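Counting starts at 1 for both ligands and their atoms, following the listed order. Keep in mind the model is a prediction, meaning the values are calculated, not measured.
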Amino acid sequence: MKICIDCDDAAVNLKKVLYDHLKSKGIDITDLDYSASKNGAMYPEIGFNLAKQIQAGNYDRGISICGTGLGMAMIANKVEGVYAGVCHDVFSAERLRKSNDAQVITMGERVIGPELAKTIIDAWLVSEFQGGGSTAKVEQMRELEKKSFHP
Ligand code: RB5
């Protein structure tokens with residue numbers, strides 16, 4: 001599984017913590033580091049860049065971090081075929097994969113501490129879409145998404 005990660009200026013510390021954590025577990029993780037190419041980059045363009053990488057199939061999943069996780073989720077969900085949710089607890093992170101089949105998890109450095117963030121990411125990593133009763137719901141979301149992007 002290939003994972004990418006990025007953050008805005010409000011989440012530099014948490015990005016490093018999670019990147020190092022996943023790297024130490026042998027996970028194939030890439031820091032997109034959008035801000036390195038554009039000084040003063042703001043969360044919409046950073047999150048958009050990450051979501052476009054997911055849309056292009058360059059990575060299976062993404063971790064997008066800002067102060068709250070909210071802005072990163074909002075912008076990722078504006079990219080067709082990309083689904084994101086804010087998770088600051090383990091149960092939500094598991095459901096994001098198992099029920100919602102989302103590829104992007106977002107978090108806020110101003111909301112949670114590094115140890116909880118690592119635990120959440122570990123649970124998210126081993127969670128996969130379970131189908132079953134969730135399939136029709138996810139399919140309906142994709143149908144409605146088509147209407148929105150291609151009215
Ligand atoms: C800071 O720019 C803050 O607005 C941002 O990191 C994020 O929390 C937005 O949702």
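Taking SG of Cys4 as the reference point, atom CG of Leu32 lies at 4.5 Å (rounded to 0.5 Å).
Counting non-hydrogen atoms of other residues, nucleotides and ligands closer than 6.0 Å to CE of Met141 gives a total above 12.
Scanning for side chain to side chain donor-acceptor pair (under 3.5 Å) contacts around Thr68 gives an empty result, with sequence neighbours left out. Among residues two or more places apart in sequence or in another chain, the salt bridge (charged side-chain N to carboxylate O under 4.0 Å, His left out) test is passed with Glu139 by none. Listed by chain and residue number, nothing satisfies the side chain to side chain donor-acceptor pair (under 3.5 Å) test with Lys137 (two or more places apart in sequence, or in another chain).
Glu145 and Arg142 are not joined by a salt bridge, as no carboxylate oxygen comes within less than 4.0 angstrom of a charged side-chain nitrogen.
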Quick check for students: name every N or O atom pair between ligand 1 and the protein closer than 3.5 Å, with distances.
unit_1, atom_1, unit_2, atom_2, d
ligand 1, 6 (O), Asp8, OD2, 2.6
ligand 1, 6 (O), Gly67, N, 2.8
ligand 1, 8 (O), Gly67, N, 3.2
ligand 1, 8 (O), Thr68, N, 2.9
ligand 1, 8 (O), Thr68, OG1, 3.1
ligand 1, 10 (O), Thr68, OG1, 3.3
ligand 1, 10 (O), Gly71, N, 2.8

